[in-house]
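The block underneath contains the structure these notes are about, expressed in structure tokens.
All values below come from the heavy atoms of this structure, side chains included, with hydrogens, waters and symmetry mates left out. Residue numbers start from 1 in every chain, and the chains themselves are labelled A, B, ... in the order their sequence lines are given, proteins ahead of strands.
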Amino acid sequence: MTRFITSSFSHLILLIGILIMVVPVWMIFASSTHTSSMINMNGLQMFLGDSFYENYLRVLLYQGGFFKEITALKMFFNSFIMATGVAILSVVTSLMAAYALVYYRIKYATLLFWIIFITILVPLELRIFPTYSVMAELNLVNSYFGLIVPISASAIATLFFRQFYKTVPDELLESAKLDGANTWRFFVDFLIPLSKTMIVAMLIFMFVFGYNQYLWPLLVTTSEQYWTVVMGLKMMSGSIVHRFAFVMMSMVPPILIIIVLQKYFIKGVFQDK
Amino acid sequence: MSFLDLKNVTKIYPNGTKAVHETSLSVEEGEFMVFVGPSGCGKSTLLRMVAGLEDITEGDINLDGKLINEVDPSERDVAMVFQNYALYPHMNVYNNLAYGLKNRGIDKETIEQKVNDAAKLLQISDYLQRKPSMLSGGQRQRVAMGRAIVRNPKIFLFDEPLSNLDAKLRIQMRLEIKKLQQKVGVTSIFVTHDQVEAMTLADRLAVINNGIIEQLGTPIEIYDNPKSLFVAGFIGSPQMNFLDGNIKNKTLSAEGFEIKDIDSDFEGEVKLGIRPEHLSQSENSLINLKVDLVEQLGSDNLVYGQLKDKKDFCYRCPGNLTIEKGADLSLNIENNKYYIFDKSTGKRVN
Ligand SMILES: Nc1ncnc2c1ncn2[C@@H]1O[C@H](COP(=O)(O)OP(=O)(O)O)[C@@H](O)[C@H]1O
Ligand SMILES: [Mg+2]
């Protein structure tokens, strides 16, 4: 009996937690399916209206921004390019950096690693002006390259891969060597397949990281053509239901990525083999 | 020059550990050589230098007439079976076997043929599609062997490959390895700390202690004729009994008895070694044993007890003799089979 009470009590707490998180999102979604005048007169709605297609289509195709040069669709495209670029580039670079740190006979490899690791304490925001001036010098302002590269060296991902490589038994490398594998083949035939789940987890992580960037794209793009979704959240003008619709849509890509790859994500973060 | 030739090979690890001292050794083509010695004596280090997994600090290693000191392990054409097998966890058994062949640019049909042949030889044909994690210890062991055999290398290297198996499987795999090696005829070096494994497998064995080969020879030579105290104590189970003694004028006096006219000119402090199986009960005895414990193995009895001076002593007798705990036995050394070692240097003196 007491067990029943404590367990229903904890379920109740969890339920309340879920409601606190879900209800506001639901209200925005429900409201985004009504007309503006309805919201302006009656406030936020709990139930679905019938303007879903109208509102969402209009937001996707409407020329927004100060200069009316960009549609939400283009912003999604930009965000997708940026997030994918950041994800792939940072995973590839950290895989290779970790490989070099663990398997090459580098003097002071540990020290080097910690120096890389310390960069976690130096977020982009802290180095944003020097980074910007480098990009400006290189003429990379207003380009996808400029959006992606400066945030694509990930100490966290390097840490994860390094720690994983260190758990790979030496005999595996030795065995592979005797089987005629060179350094490159060992990387491609062994380390990459063995860290597959971790690679996918890192891709998701870095995708969301890239997708969520706000300050850097704001600084490095002056042309509206390069606006991203997260910038759009701030910049979008228009009626309240359209903004709600945009907010709802902005949540879709990260959620989609996580749903599709979640089985790897959980395995990768909570170590695999 | 022999097939594999080690000349004055020394290994000093970067941290200063001297693991192998100026070791020289020849292995003939097709021979089964065993390195045996206690843990930490440098067996693995020596083997790994042959494989190319450790740099050689000093000395030369020649394989098949070619100096291989500087040759990369991937180019040496040697195969190694590791203690934990080091199977490739993400590849199925087929690919575990095929990987080395693929790297050598062999065409697909040939690879398939070779893998299937090796699998058949080792009776793992049914598991070719399985991942190593879905195999039992014995099966993994076979896959590890298969991975070595399939490449038809110049030399097989085994680093304690049986020590992860349970006792019964260990004996079975030991037999199979020996049979397989005879069938395939590949030169092999097998490292073990287990002297029974060493004795049963070896064509010749090298007893290693502290980075030095103490003695090299066939198992029987080493058993019959140990050249040092260490070898005498290490080879043979149960262990040889050692008694303190003193030689003067060709007479050895130990606690409680004397042996006259010994075949040695040595004078001074010695250790007298007697194998438990070289004793028998008789009237005019040398040694009096008070029995503490009898282990009945069926074929044999191992009788443990103490001499007059409370020294532990073991006697091996046929299993059909009944010996009670607490009995007093009078023992004699059969056919003068005893070994005398200089107490200070450990060298054999008779
Ligand atoms: N990588 C290493 N660095 C330093 N010392 C080592 C290393 N590997 C082994 N040793 C030392 O070398 C000696 C011989 O080791 P090893 O060849 O592994 O012995 P065995 O295989 O006979 O047990 C030991 O004292 C061991 O501690
Ligand atoms: Mg060893």
Side-chain angles (χ1 to χ4, degrees), chain A residues 91 95 98-112 160-161 163-203 261 263-264 266-268 270-273, chain B residues 14 44 47-55 68 71-92 95-106 111 131-133 140 143-151 153-161 164:
Chain A
V91 166
L95 267 171
Y99 183 48
L101 284 171
V102 175
Y103 285 98
Y104 283 58
R105 287 187 198 170
I106 304 174
K107 261 195 177 168
Y108 312 117
T110 313
L111 182 73
L112 266 173
F160 268 86
F161 289 126
Q163 296 316 99
F164 174 71
Y165 291 168
K166 280 182 167 281
T167 66
V168 173
D170 287 344
E171 284 90 351
L172 210 57
L173 171 66
E174 294 172 345
S175 211
K177 267 192 201 164
L178 293 175
D179 258 348
N182 56 25
T183 358
W184 175 249
R185 287 247 68 89
F186 181 67
F187 183 56
V188 174
D189 293 342
F190 288 81
L191 292 181
I192 290 183
L194 286 173
S195 48
K196 199 172 59 196
T197 52
M198 188 171 280
I199 289 174
V200 176
M202 283 297 134
L203 280 174
L261 300 174
K263 80 168 194 233
Y264 291 103
I266 291 166
K267 258 204 233 163
F270 299 103
Q271 202 31 54
D272 56 330
K273 256 283 169 69
Chain B
S44 297
L47 192 75
R48 291 164 57 81
M49 283 193 285
V50 175
L53 299 173
E54 298 288 352
D55 295 331
I68 56 167
V71 179
D72 197 74
S74 57
E75 312 276 309
R76 287 195 187 190
D77 200 12
V78 304
M80 187 154 166
V81 178
F82 293 84
Q83 179 169 355
N84 60 9
Y85 316 138
L87 300 181
Y88 309 142
H90 56 299
M91 297 184 193
N92 62 19
N95 285 323
N96 262 279
L97 264 61
Y99 186 70
L101 299 173
K102 283 183 192 156
N103 279 335
R104 279 173 175 70
I106 295 170
I111 291 180
K131 293 269 178 71
S133 57
R140 284 179 205 186
V143 176
M145 297 275 303
R147 203 169 56 181
I149 285 176
V150 76
R151 272 176 32 211
K154 287 193 180 132
I155 190 163
F156 280 173
L157 307 173
F158 300 86
D159 194 350
E160 311 215 9
N164 282 354

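The ring of Phe187(A) has its center no closer than 6.0 angstrom to the ring center of Tyr103(A).
Contacts of Tyr88(B) with chain A are made by both backbone and side-chain atoms, with heavy-atom separations under 4.5 Å. Residue contact with chain A, scored on non-hydrogen atoms closer than 4.5 Å, is absent for Leu101(B). For Asn84(B), the part sitting under 4.5 Å from any heavy atom of chain A is the side chain, from C-beta outward, and nothing else. Interface residue Arg104(B): only side-chain heavy atoms are found under 4.5 Å from chain A. Contacts between Asp189(A) and chain B at a heavy-atom distance below 4.5 Å involve backbone atoms as well as side-chain atoms.
Here Gly100(B) is the residue among Pro89(B), Ala144(B), Gly100(B) with the most heavy-atom pairs under 4.5 Å with chain A. Looking only at heavy-atom pairs under 4.5 Å with chain A, the residue among Arg76(B), Arg147(B), Glu75(B), Met91(B) that has the most is Arg147(B).
Within the 4.5 Å cutoff, the side chain of Glu171(A) has no heavy atoms near those of the Tyr85(B) side chain.
From Arg151(B), atom CZ reaches atom CZ of Phe156(B) across 9.0 Å, with rounding to the nearest 0.5 Å. Interatomic distance, CG of Asp55(B) versus CE of Met49(B), reported as 10.0 Å (0.5 Å rounding). The structure places CE of Met80(B) at 6.0 Å from CG of Leu157(B), a figure rounded to the nearest 0.5 Å.
Between Ala51(B) and Leu178(A) the shortest heavy-atom distance is O-CD2, 3.6 Å.
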